Amino acid sequence: MLKVFNTATLKKEEFKPIVPGKITMYVCGPTVYNYIHVGNARSSIAFDTIRRYLLYRGYDVNFVSNFTDVDDKIINRAQEEGVSENAIASKYIKAFYEDTKPLNIIPATTRTRATEVIPDIIEFVSDLIDKGYAYESQGGVYFRVRKAGNYGLLAHENLEDLEVGASGRLDDGALALKEDPLDFALWKNEPRQVIKWDSPWGQGRPGWHIECSVMSTKYLGYTIDIHGGGIDLAFPHHTDEMAQSEAHTGKQFVHYWLHNGFVNVNNEKMSKSLGNFTTVHELLSSYDDPMAIRFLMTATHYRRPINYSSSELERARVELDRIRTAYRRLKNADFKIGDDPQIDQLVSKQTAAFVEAMDDDFNVANALAAIFELVRLANSYVDSGDVKDKSAQEILRQIAELIGVFGISGLETKKESLPKKIELLLKKRETARINKNWQQSDQLRDEIFSLGYKVSDSSNGQQVRKI
RNA sequence: GGUGGUAUAGCCAAGCGGUAAGGCGAUGGUCUGCAAAACCGUUAUCACGGGUUCGAUUCCCGUUACCACCUCCA
């Protein structure tokens, strides 16, 4: 039985999809005014792993996400660079796909830009006005927060506390536009010569939260199973989404709210505003093992913070290497025809442990422990010198499938093209080894090492990897 | 100030009423020409103070520290 932690109730709840066997899932996507950073990637990876596990459990998952391609930051960026907002957005949308592909993130079933649903947004907002949940004020449209039931539920705050914060931060101009400091914008009046659309309230552009409500209801229906995002989105973004969506449809918006924890740097949140971020773009260009990045992000429980540093990344790589090494060893072992029932039994025991762990709100730590048990089993099996093909294939298949749920692929490949010079030195060393010329063999190993490659010997000959 | 979260070995991190999974590191051993890999072993009383209980890391109360949200942020 799958249980998930719901931010709305702060409890683990049994997961029951609206339609048996099918899951509707919406995850808030990035505002595309810059490259995504490691923290953004963590969120994508966390929900990708959740999605993969649901797929592994046999569910059909309809996964929708968005690109926010109209907002203040994009407009500012466009003005700074003297190009259109669309040029900025398109550039970083392209970069998003380039950056997430090496991290093995499955593209969303549907991924739409905010600017592609403007008519739907206008219709949605008009309906809120008709229903009395919103009002126009000088070309802008605002949502009446006090009219919504259980507003603040996700943030676990009451209206009075929220109001203290709201009235304190708003300037007089903004306050004058609103009936109540708590109200938020559904549609913004836009007098400047920047990206904007005609609307019943004059020229303007959508507020921040409306696009997600529109896309979620448009592509997935009035009520969806899972809505995800970073925990910082719980308030105000998801709170506002929930209020406007439920006001519009009269139905519960989301059954399970899932939020991921942050990536920290020196125990502080990595964020664009703090400036302490590393973009995935630059990380990928300076680090040659994207699967290790994925492993670091995915092997930590999604709600826990990750303290990001190069040493943490290195540790993740070493851990992942243990799995890869075992996988390759077993794959390259000498098989005998046959089957070892006791091995098969141990494999299914660990598979069951994996499922049990993941069913408990995606407990990846315990799930990973099951994978490491399989790794030890694989290694011991090879050491026994009596490997039966059927059992070996079963171990390999399970390791690949389970680590695949974490989005780690290519366990056996990791083959890189070697420079000619290295190839030559390896050949020379092989000859030396056949002649048991250990001195020359060691010398060549040192030489290869000094050129940036580490060579080690196994029963299958020399193994090389780039340092 | 309000709200939510976290505090477990050198590090990462499970467990959450019956004397602590897993990984990294360290260390001893086996194997190997050496090294690597692998395998076997060693490596913690769970922030602090009370309370409940036959028994608490696990429940309750309090304290302390750190993080986050309350403004854009995954």
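Every chain is numbered from 1 and lettered A, B, ... according to where its sequence line falls, protein lines coming before strand lines. Computed from a predicted model, the values in this text were never measured in an experiment.
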- Query: Out of A14(B), A74(B), C72(B), which has the shortest distance to the side chain of Ala365(A)?
  - Reply: A14(B)
- In terms of side-chain heavy atoms of Glu157(A), which of U3(B), A74(B), C12(B) is nearest? U3(B)
- Query: What is the nucleic acid contact for Gly261(A), judged by heavy atoms within less than 4.0 Å: base, sugar-phosphate only, or nothing?
  - Reply: base
- Note on the structure: Picking from C11(B), G33(B), C69(B), the nucleotide nearest the side-chain atoms of Arg315(A) would be C11(B)
- Query: Per the atom types in the model, does the base of G4(B) pair as donor or acceptor with the side chain of Arg303(A) at under 3.5 Å?
  - Reply: no
- Task: Would you please test Tyr92(A) and Asp69(A) for side chain to side chain donor-acceptor pair (under 3.5 Å) and show each step?
- Result: CA-CA 10 Å; Tyr92(A) 292 110; Asp69(A) 62 345; over 6 Å; no
- Hey, is the main chain of Gly261(A) close enough, under 3.5 Å, to the side chain of Arg42(A) for a donor-acceptor pair? yes
- Determine the Euclidean distance between corresponding C1' atoms of G51(B) and C70(B); express it in Å to zero decimal places. 34 Å
- With a 4.5 Å heavy-atom cut-off, do Val254(A) and Met242(A) have their side chains touching? no
- Message: Taking Lys73(A)'s backbone N and O only, do any of them form a donor-acceptor pair with Asp71(A)'s side chain (distance below 3.5 Å, no angle check)?
- Response: yes
- Message: Tell me whether the ring of Phe372(A) lies stacked over the G22(B) base, given a 5.5 Å limit on centroids and a 30° limit on the plane angle.
- Response: no
- Query: Say you pick atom P in A38(B) and the same atom in A74(B); how far apart are they, in whole Å?
  - Reply: 39 Å
- Task: Could you pick out which residue, Gly229(A) or Asn267(A), lies toward the 5' side of RNA chain B when each is mapped onto its nearest nucleotide?
- Result: Asn267(A)
- Using a heavy-atom cut-off of under 4.0 Å over every strand shown, decide if Leu233(A) touches base, sugar-phosphate, or nothing. sugar-phosphate
- In whole angstrom, give me the gap between the P atoms of A37(B) and G28(B). 15 Å
- Output all residues satisfying side chain to side chain contact (heavy atoms under 4.5 Å, CB included) with Glu401(A), sequence neighbours left out; order by chain, then residue number. Tyr56(A), Arg397(A), Gln398(A)
- Flag for Asp359(A)-Tyr53(A): side-chain donor and acceptor within less than 3.5 Å: yes
- Whether each nucleotide of nucleotides 36-42 of chain B has a protein heavy atom under 4.0 Å at its base (B), only at its sugar-phosphate (S) or at neither (-) is summarised, 5' to 3', as BSSSS--
- Query: With a 4.0 Å cut-off on heavy atoms, is His37(A) in touch with a base, just the backbone sugar-phosphate, or nothing at all?
  - Reply: base
- Task: Return the value, rounded to whole Å, for the distance between atom CG of Leu313(A) and atom C1' of C12(B).
- Result: 13 Å
- Verify the contact: side-chain N or O of Lys269(A) to OP1 or OP2 of C69(B), cut-off strictly under 4.0 Å; return yes or no. yes
- Is the cationic atom of Arg51(A) (NZ for Lys, CZ for Arg) positioned less than 6.0 Å from the six-membered ring centroid of Phe63(A) and within 45 degrees of its normal? yes
- Task: Send over the distance from Gln350(A) CD to G22(B) P, rounded to a whole Å.
- Result: 11 Å
- Message: Quick check with a 6.0 Å cut-off and a 45 degree axis cone: is Lys178(A) positioned over the face of Tyr142(A)'s six-membered ring?
- Response: no
- Query: Rounding to a whole Å, what distance do you find between Arg317(A):CZ and C11(B):P?
  - Reply: 22 Å
- Note on the structure: Side-chain contact check for Arg429(A): nearest option of A14(B), A74(B), G33(B) is G33(B)
- Query: Can you find a side chain N or O atom of Asn158(A) that sits less than 4.0 Å from OP1 or OP2 on C70(B)?
  - Reply: no
- Task: May I ask you to verify whether the side chain of Asp442(A) and the base of G33(B) hold a donor-acceptor pair under 3.5 Å?
- Result: yes
- Message: Checking contacts here: which listed nucleotide (A14(B), G33(B), U3(B)) is nearest the side-chain heavy atoms of Arg304(A)?
- Response: A14(B)
- Looking for any heavy atom pair under 4.0 Å, which part of the strands does Asp161(A) touch: base, sugar-phosphate only, or nothing? sugar-phosphate
- Item | Cationic tip of Arg111(A) above Phe67(A) ring, under 6.0 Å, 45° of axis | yes
- Message: Counting the atoms with a prime plus P, OP1 and OP2 as sugar-phosphate, which does Leu10(A) contact under 4.0 Å by heavy atoms, base, sugar-phosphate, or nothing?
- Response: sugar-phosphate
- Query: For Val263(A), which contact category applies under a 4.0 Å heavy-atom criterion: base, sugar-phosphate, or nothing?
  - Reply: base
- Message: So if I take every side-chain heavy atom of Glu319(A) and compare against C72(B), C69(B), C24(B), which nucleotide ends up nearest?
- Response: C24(B)
- What nucleic acid atoms does Ser441(A) come within less than 4.0 Å of, heavy atoms only: base, sugar-phosphate, or nothing? base
- Message: Among C12(B), C69(B), A21(B), which nucleotide has an atom closest to any side-chain atom of Asn366(A)?
- Response: A21(B)
- Nearest listed nucleotide, side chain of Phe262(A), among A74(B), G4(B), G22(B): A74(B)
- Pairing partner of U30(B) (Watson-Crick or G-U wobble, both distances under 3.5 Å): A38(B)
